[in-house]
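One structure is given below, encoded as structure tokens.
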Amino acid sequence: MTDPIRPAVIEFFRRTACETPQDISALFSEDVDWHVAGDVDAVSWIGRKTGRKGVAEFYQAIRDLIVSERFEVTEILVQGNRAIALGDLESRVKSTGKLIVSEFAFDLTFRDGLIVRFRMFEDSFAVAQAAV
């Protein structure tokens, strides 16, 4: 039997690289449990989001506020309906010109082909420092 989760994760990263925020949000359930930890007072695009609309708003904010200079997924680990993607990123905050350099981990849980739980872990201190 073919594992459906790994191709879904690869499709998620493909869409985040080149599709619209609405196309990305279509990969998520309407009741997605979404959270990107960090200082929400300093970094407007992180925190909890609600539904596909919140996912689309996150990706629109990312495109409006930062420029990705490097984003590399180095490993995808899958067990059951859960995937962890590890990698490295470099993003420049447009308003400050500062560079965010961080390792990352995406923690994705799937149900019926859609992402129902989303967590992104990165160096939240570096993100907050670059945003101000």
Side-chain angles (χ1 to χ4, degrees):
M1 184 168 133
T2 305
D3 172 18
I5 301 301
R6 186 173 304 277
V9 174
I10 292 168
E11 176 63 9
F12 164 72
F13 285 114
R14 186 195 71 74
R15 286 193 193 189
T16 60
C18 63
E19 299 288 336
T20 69
Q22 290 71 28
D23 290 333
I24 299 165
S25 70
L27 297 171
F28 290 80
S29 71
E30 189 52 54
D31 63 344
V32 62
D33 175 10
W34 172 290
H35 189 248
V36 178
D39 185 351
V40 296
D41 292 329
V43 185
S44 63
W45 62 84
I46 64 170
R48 290 213 173 267
K49 304 295 178 198
T50 303
R52 287 184 179 138
K53 181 180 181 206
V55 172
E57 289 170 353
F58 171 83
Y59 283 102
Q60 188 60 58
I62 288 293
R63 294 195 175 151
D64 291 345
L65 301 172
I66 66 172
V67 175
S68 178
E69 296 194 2
R70 187 171 74 86
F71 187 92
E72 180 182 1
V73 176
T74 57
E75 191 161 6
I76 298 172
L77 310 166
V78 176
Q79 184 172 1
N81 67 340
R82 190 172 184 191
I84 307 294
L86 305 173
D88 301 287
L89 64 79
E90 293 180 19
S91 300
R92 190 164 306 277
V93 178
K94 290 179 182 180
S95 64
T96 65
K98 295 177 184 175
L99 187 65
I100 301 164
V101 178
S102 180
E103 294 177 301
F104 65 78
F106 282 75
D107 181 354
L108 309 168
T109 303
F110 291 81
R111 183 179 65 235
D112 300 327
L114 296 174
I115 301 168
V116 296
R117 184 178 179 279
F118 176 95
R119 299 291 186 273
M120 181 181 172
F121 302 96
E122 61 189 340
D123 183 345
S124 60
F125 182 75
V127 175
Q129 290 296 308
V132 293

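Below, all heavy atoms of this structure are taken into account, side chains as well, without hydrogens, waters or symmetry copies.
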So, for F110 and L108, which heavy atoms are closest and what is the spacing to 0.1 Å? CE1-CB, 3.8 Å

Are I76 and I5 connected in a single hydrophobic cluster, I mean Ile/Leu/Val/Met/Phe/Trp/Tyr linked by side-chain heavy atoms less than 4.5 Å apart? yes

From NE2 (H35) to CZ (F121), nearest 0.5 Å: 9.0 Å

Write out all pairs satisfying ring-ring contact (aromatic ring centres under 6.0 Å, His included) with one or both partners inside residues 75-103, taking only residues at least two apart or from two chains. none

Indicate the atoms forming the closest heavy-atom contact of G47 with W34, along with that distance. O-CD1, 3.6 Å

Linking I/L/V/M/F/W/Y whenever any side-chain heavy atoms sit under 4.5 Å apart, do L89 and F118 land together? yes

Enumerate the residue pairs fulfilling salt bridge (Lys or Arg N to Asp or Glu O under 4.0 Å) with a member in residues 78-93, sequence neighbours excluded, ordered by first and then second residue. E69-R92, R70-E90, R82-D107

Any side-chain heavy atom of T20 within less than 4.5 Å of one from Q60? no

Backbone N or O of G38 within a donor-acceptor pair of the S124 side chain at under 3.5 Å? no

Kindly give the heavy-atom pair with the smallest separation between A128 and A42, and that separation in Å. CB-CB, 4.2 Å

Side chains of V32 and K49, heavy atoms from C-beta outward: is any pair under 4.5 Å? no

F71 and F104 aromatic ring geometry - parallel, tilted or perpendicular at 30°/60° bounds: parallel

Distance check, rounded to the nearest 0.5 Å: E30 atom CD versus K53 atom NZ? 10.5 Å

Could you measure the distance from the CZ atom of R117 to the CZ atom of F28? Nearest 0.5 Å is fine. 12.5 Å

Mind checking whether R14 and E19 have side chains closer than 4.5 Å, heavy atoms only? yes

Count I, L, V, M, F, W, Y as connected when their side-chain heavy atoms are under 4.5 Å apart, and connections chain through other members. Are L77 and V9 then in the same cluster? no

Can you give me the closest heavy-atom contact between K94 and V67, atom names plus distance? CE-CG2, 3.5 Å

Above 12 or not: heavy atoms from other molecules or residues under 6.0 Å from CG of D112? no

Under a 4.5 Å side-chain heavy-atom rule over Ile, Leu, Val, Met, Phe, Trp and Tyr, are I24 and F13 clustered together? yes

Hey, does I66 have a side-chain heavy atom less than 4.5 Å from the side chain of W45? yes

Heavy-atom pair with the smallest gap, counting every atom of S25 and A56: CB-N, 3.9 Å

When you group the ILVMFWY residues by side-chain heavy-atom contacts below 4.5 Å and let the links chain together, are I10 and V55 in the same group? yes

Report yes if some heavy atom in the side chain of D123 is under 4.5 Å from a heavy atom in the side chain of Q129; otherwise report no. no

Provide the closest heavy-atom pair for L114 versus S29 in the form atom of the first, atom of the second, distance. CB-N, 3.8 Å

Would you say the side-chain atoms of S91 pair up with the backbone N or O of I100, donor to acceptor, closer than 3.5 Å? no

Distance (rounded to the nearest 0.5 Å) between T16 OG1 and D23 CG: 12.0 Å

